[in-house]
Amino acid sequence: MRTLTAKRPASVGAYLLVAAGLSWLALVILLPLAAVFIQALAKGSEAALSALKEPDAISAVKLTLLVAAICVPLNAVFGLAAAWSVAKFDFKGKGLFLTLIDLPFSISPVVSGLVWVLLFGANGWFGSFLEHNHIKIVFALPGLVLATLLVTLPFTARELIPLMQDQGSDEETAAVTLGAGGWTTFFSVTLPNVKWALLYGVLLSNARAMGEFGAVSVVSGHIRGLTNTLPLHVEVLYNEYDFVGAFATASLLAGLALITLILKTGLEWRYAGELSASRRH
Amino acid sequence: MADAKTRRRRWREPSVLPGFGPAFGFTLFYLCLIVLIPLAALIARPWEHGFGGFWHAVSNPRVLAALKVSFGVSLLAAAANVVTGLIVTWVLVRYDFPGRRLADAIVDLPFALPTAVAGIALTAIYAPTGWVGGLLAPLGIKVAYTPVGIWIAMVFVGLPFVVRSVQPVLQDFDAEVEEAALTLGASSAQRWRGVILPALLPALLTGFTLAFARAVGEYGSVIFIAGNMPFKSEIAPLLIITKLEQFDYAGAAAIGVLMLAMSFVALLAINAIQLFLVRRGAPA
């Protein structure tokens with residue numbers, strides 16, 4: 001089958017259409033991005049930098065990095081295990097299994113936080129047990145980690161499953177019949193085949209883990225210097241009318257988003273064939 | 001005969017590859033721990049005062065107003081995304097211009113930008129003193145702190161869903177179908193109505209669904225620009241948080257369950273339309 005190739009706009013109508021599409025992208029996407037950096041520098045770079053040197057800002061950075069450092073590797077291991085069982089084996093109920101993996105995408109972030117409060121909050125299922133044993137989950141690090149694990153759950157699995165299904169299991173079968181063990185097969189056959197897709201998934205789940213707001217907002221309790229991640233710190237500063245501080249902190253997160261986007265686009269261009277089909281441009 | 005029976009009873013096809021047990025077991029365990037048990041806690045919670053308690057929580061006028069805002073504005077935002085997303089995708093796929101790959105890459109920015117950052121940035125732009133809000137204020141148009149502001153935030157988060165759903169279908173569109181329509185003398189409008197739109201319809205619907213589902217649950221990018229006035233610009237996810245702060249767990253869970261159920265029904269309905277379109281012969 002032949003497809004039409006892109007051509008230079010040739011008529012006035014075509015130019016207008018291209019201009020309309022690009023103006024919409026500029027208005028909807030570029031303008032907010034520019035606003036973050038420009039607002040951060042509204043009172044000069046000194047003011048912006050000093051907002052980032054506040055102890056509360058530094059502890060927010062540390063907490064964000066810690067949550068991501070716990071969640072992203074777990075998410076990657078889950079993605080690999082899920083993809084190994086779904087893509088290399090045939091079993092009944094696979095459709096349901098895949099739906100369960102995708103489920104967190106269709107849950108509101110606020111609900112993703114709410115469920116942990118219902119389990120571990122003061123009036124939750126295990127609330128009195130936890131209080132009795134002096135274990136804190138909600139309004140503490142474990143709650144932030146659990147909420148982040150829920151919202152990021154599908155990210156790596158979603159990248160690996162379609163790719164590994166395309167690749168099939170012929171290479172692994174060959175390795176195993178030639179006498180390679182399970183782990184040897186995994187590390188020297190499967191992993192090299194999916195490494196760029198794995199990196200792609202890790203990149204996306206990391207961006208979400210560091211930037212998640214709704215779910216962690218519910219479980220954090222907003223304790224300054226203790227349970228505020230970077231996005232929550234942005235909210236606190238904004239609600240205190242410290243706009244330079246809020247936008248300076250926000251520009252850190254916007255920078256993270258830009259780096260994610262650049263790396264992601266780079267992977268799509270450079271290793272298109274080694275990503276799942278929907279990621280090839 | 002006996003052989004066929006054992007084959008039917010087996011739920012997993014045999015394979016020489018090792019590791020199904022541990023991998024599947026770990027995946028299922030992780031899913032139960034992180035998704036299924038928490039969701040069970042959500043679904044079980046609103047009924048502690050019976051169905052009456054649930055009904056009392058969700059039939060409150062303020063809750064109904066918030067649900068109306070959440071679902072109504074999400075529909076309008078997803079509809080706007082279908083139209084503008086189609087134009088953007090068409091431009092990105094069919095025309096070659098300087099900066100095309102860059103334009104294509106920035107479409108994904110709403111996926112990568114943390115929602116709180118988008119929220120405060122949009123508020124700064126559309127507030128009466130902002131770049132765009134300042135232009136509209138003399139005309140008597142208020143955007144920030146009204147449902148229009150909510151709509152803008154939802155359009156921002158939803159745009160990439162439509163573009164990324166339609167793009168692969170448009171890229172793989174068979175040139176011969178379109179050229180046949182052209183050589184048979186179809187006008188531009190006829191080609192759109194008769195050839196291009198029917199082929200893109202399932203993908204547009206998928207994009208609409210994804211954008212709608214995301215907008216309904218959206219919190220971070222909406223609350224800053226919404227103004228959060230009860231009965232006017234308060235969204236359902238915010239009410240969940242308000243209820244939690246009052247330690248009304250059952251009430252919060254009731255709204256959460258209702259939102260899940262409504263999204264689920266909406267998704268089922270759209271899937272049914274999708275299936276109908278595919279059966280009628282349009283490519284999926």
Side-chain angles (χ1 to χ4, degrees), chain A residues 1-4 6-9 17-18 20-22 24-25 28-29 31-32 35-36 39 78 81-82 84-85 88-92 100 103 106 108-111 114-115 117-119 123 125 149-150 153 169 172-173 176 182 207 211 213-214 231 234-235 238 246 250 253-254 257 260-261 265, chain B residues 11-13 15-20 23-24 26-27 30-31 34-35 38-39 41-42 45 84 87-88 91 94-97 103 105-106 108-109 112-118 120-122 124-125 155-156 159 172-176 213 217 219-220 237 240-241 244 247 249 252-253 256 259 263:
Chain A
M1 193 179 80
R2 191 168 51 87
T3 58
L4 286 172
K7 57 180 191 292
R8 297 237 155 219
L17 194 66
V18 172
L22 293 183
W24 186 252
L25 278 182
V28 173
I29 291 176
L31 198 62
V36 174
Q39 297 281 341
F78 168 78
W84 180 262
S85 38
K88 304 294 175 192
F89 300 91
D90 270 318
F91 56 89
K92 286 188 183 127
L100 284 180
L103 197 59
S106 41
S108 166
V110 169
V111 174
L114 166 70
V115 291
V117 179
L118 296 177
L119 279 175
N123 296 337
W125 279 3
L149 283 178
L150 175 49
L153 182 130
S169 53
E172 283 84 0
T173 309
V176 169
F213 177 70
V234 170
E235 184 196 20
Y238 188 85
L253 289 165
T260 305
L261 215 55
T265 310
Chain B
W11 74 285
R12 178 169 77 84
E13 293 296 316
S15 163
V16 296
L17 293 183
F20 177 77
F24 184 75
F26 174 76
T27 312
Y30 192 95
L31 272 175
I34 302 294
V35 181
L39 276 187
L42 172 74
R45 190 74 198 210
T84 57
I87 296 173
V88 169
V91 166
R94 288 301 172 88
Y95 292 108
D96 191 18
F97 51 88
I106 66 155
D108 280 336
L109 187 81
L113 195 68
T115 54
V117 176
I120 63 170
L122 290 169
I125 294 169
V155 165
F156 172 81
L159 181 66
D172 292 344
F173 198 73
D174 193 347
E176 278 164 22
Y219 177 69
I240 293 182
I241 291 189
L244 269 184
F247 292 100
Y249 284 20
M259 278 179 70
S263 311

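These values consider heavy atoms only, across backbone and side chains, with no hydrogens, waters or symmetry-generated copies.
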Spacing of [atom1] belonging to [X] relative to [atom2] belonging to [Y], to within rounding of 0.5 Å:
X	Y	atom1	atom2	value
L103(A)	I34(B)	CG	CD1	13.5 Å
Y249(B)	L114(A)	OH	CG	9.5 Å
T265(A)	D108(B)	OG1	CG	7.0 Å

[options]: which one forms the most heavy-atom pairs within less than 4.5 Å of chain B?
options	result
P231(A), S169(A), A20(A), G211(A)	G211(A)
G182(A), A246(A), P32(A)	P32(A)
V176(A), V110(A), T173(A)	V110(A)
A207(A), A82(A), G214(A)	A82(A)
T260(A), V111(A), V36(A), L261(A)	L261(A)

Which of the residues [options] is involved in the greatest number of heavy-atom pairs with chain A at under 4.5 angstrom?
options	answer
T84(B), I87(B), I240(B), T115(B)	T84(B)
F247(B), Y95(B), F97(B)	Y95(B)
V155(B), L122(B), V88(B)	V88(B)

If you define the side chain from C-beta out and look only at heavy atoms, does anything of [X] sit under 4.5 Å from [Y]?
X	Y	result
R45(B)	V115(A)	no
F173(B)	T3(A)	no
L17(B)	K88(A)	yes

(request) Establish, yes or no, whether a centroid distance under 6.0 Å links the rings of F89(A) and F24(B). (result)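 No, they do not, as the ring centres are separated by 6.0 Å or more.
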
